[in-house]
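A short write-up of the structure that comes next.
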Amino acid sequence: QVQLVESGGGLVQAGGSLKLSCAASGRTFSSYSMGWFRQAPGKEREFVVAIDLSNLRTNYADPVKGRFTISRDNAKKTVYLQMNSLKPEDTAIYYCALDIGGYIGGYSGHYDYWGQGTQVTVSS
């Protein structure tokens with residue numbers, strides 16, 4: 001089993017920044033990916049970004065390109081999401097996810113493990 005714990009959410013004004021963290025614990029895999037999804041009230045969960053931890057390939061959703069950056073610390077089994085130039089439409093619960101096969105696409109059903117989520121609220 002794998003446990004994912006997100007942290008770093010909060011309230012920020014538009015134009016500000018936040019950095020989310022997702023720490024993985026438990027079973028390890030030879031190659032896997034981790035990603036971030038978000039879900040705003042009344043909306044479907046949407047893909048934000050993912051990273052293949054074995055070769056560092058990344059995949060960003062268009063709405064966050066140029067503003068969000070994913071990074072990792074393999075030793076700590078932690079990924080980070082640096083979010084800059086935040087907009088009110090970025091307000092959502094942000095979920096961390098892990099795929100044991102290295103998938104970095106946007107289909108949420110492909111991911112094997114999920115965190116509980118962390119709230120990000122951007123005020124205008």
Side-chain angles (χ1 to χ4, degrees):
Q1 277 289 45
V2 172
Q3 293 77 43
L4 302 176
V5 179
E6 304 99 333
S7 62
L11 173 65
V12 65
Q13 289 189 328
S17 299
L18 279 176
K19 187 174 184 178
L20 306 183
S21 300
C22 175
S25 61
R27 184 181 173 187
T28 58
F29 305 95
S30 58
S31 65
Y32 62 99
S33 62
M34 294 179 73
W36 292 93
F37 286 74
R38 65 187 183 185
Q39 188 166 18
K43 294 189 176 181
E44 298 282 324
R45 187 171 298 191
E46 67 170 351
F47 173 74
V48 176
V49 61
I51 183 169
D52 184 327
L53 285 255
S54 63
N55 59 25
L56 303 185
R57 293 181 306 138
T58 58
N59 179 26
Y60 287 87
D62 286 344
V64 307
K65 283 181 179 176
R67 299 188 299 123
F68 291 11
T69 303
I70 191 169
S71 61
R72 93 286 182 251
D73 183 330
N74 282 359
K76 295 182 178 180
K77 291 196 290 184
T78 298
V79 293
Y80 305 96
L81 182 63
Q82 178 67 47
M83 305 186 295
N84 298 329
S85 302
L86 282 162
K87 305 175 182 180
E89 51 263 45
D90 294 317
T91 294
I93 298 174
Y94 282 69
Y95 296 92
C96 178
L98 185 149
D99 182 275
I100 63 174
Y103 174 75
I104 59 170
Y107 175 51
S108 61
H110 207 288
Y111 290 79
D112 302 284
Y113 299 96
W114 291 85
Q116 292 299 306
T118 185
Q119 177 71 49
V120 171
T121 303
V122 184
S123 63
S124 57

Pair up each side-chain donor or acceptor in residues 93-107 with any protein partner under 3.5 Å, not counting sequence neighbours, and list the distances.
unit_1	atom_1	unit_2	atom_2	d
Tyr94	OH	Arg38	NH1	2.9
Tyr94	OH	Asp90	O	2.7
Asp99	OD1	Gly101	N	2.8
Asp99	OD1	Gly102	N	3.1
Asp99	OD1	Tyr103	N	3.1
Asp99	OD2	His110	ND1	2.7
Tyr103	OH	Gly106	N	3.4
Tyr103	OH	Tyr107	N	3.1

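When all heavy atoms of Ala24 and Met34 are compared, the closest pair comes out as CB-CE, 4.2 Å. Across all non-hydrogen atoms, the minimal contact from Asp62 to Lys65 is OD1-NZ, 3.0 Å.
Remark: side-chain polar atoms of Tyr111 are not paired, donor with acceptor, to backbone N or O of Ser33 under 3.5 angstrom. Counting only distance, with no hydrogens or angles, the side chain of Gln116 and the backbone of Val5 share no donor-acceptor pair below 3.5 Å. At least one donor-acceptor pair closer than 3.5 Å links the side chain of Arg67 to the backbone N or O of Ser85.
Cluster membership for Ile70 and Phe47, using ILVMFWY side-chain heavy atoms within less than 4.5 angstrom, is not shared. Cluster membership for Met83 and Ile51, using ILVMFWY side-chain heavy atoms within less than 4.5 angstrom, is shared. In the hydrophobic cluster analysis, where Ile, Leu, Val, Met, Phe, Trp and Tyr join through side-chain heavy atoms closer than 4.5 angstrom, Leu20 is grouped together with Val48. Cluster membership for Trp36 and Leu18, using ILVMFWY side-chain heavy atoms within less than 4.5 angstrom, is shared. A chain of hydrophobic side-chain contacts below 4.5 Å, direct or via other Ile, Leu, Val, Met, Phe, Trp or Tyr residues, connects Val64 to Val12.
Checking each of Asp112, Val2, Leu53 against Tyr32 for a side chain to side chain contact (heavy atoms under 4.5 Å, CB included) leaves exactly one that passes, namely Leu53. Across Asn59, Leu81, Thr69, Val79, a single residue satisfies side chain to side chain contact (heavy atoms under 4.5 Å, CB included) together with Val49, and that is Leu81.
Between Leu11 and Gln119, the closest side-chain pair of non-hydrogen atoms is not below 4.5 Å.
Figure legend: Lys19 and Tyr80 shown as a cation-pi pair, the cationic atom lying under 6.0 angstrom from the six-membered ring centre and within 45 degrees of its axis.
A side-chain N or O of Asn84 and one of Ser17 form a donor-acceptor pair less than 3.5 Å apart.
Residue pairs meeting the salt bridge (Lys or Arg N to Asp or Glu O under 4.0 Å) criterion with at least one partner in residues 71-89, sequence neighbours excluded, are absent.
Interatomic distance, OG of Ser123 versus CD of Gln13, reported as 5.0 Å (0.5 Å rounding).
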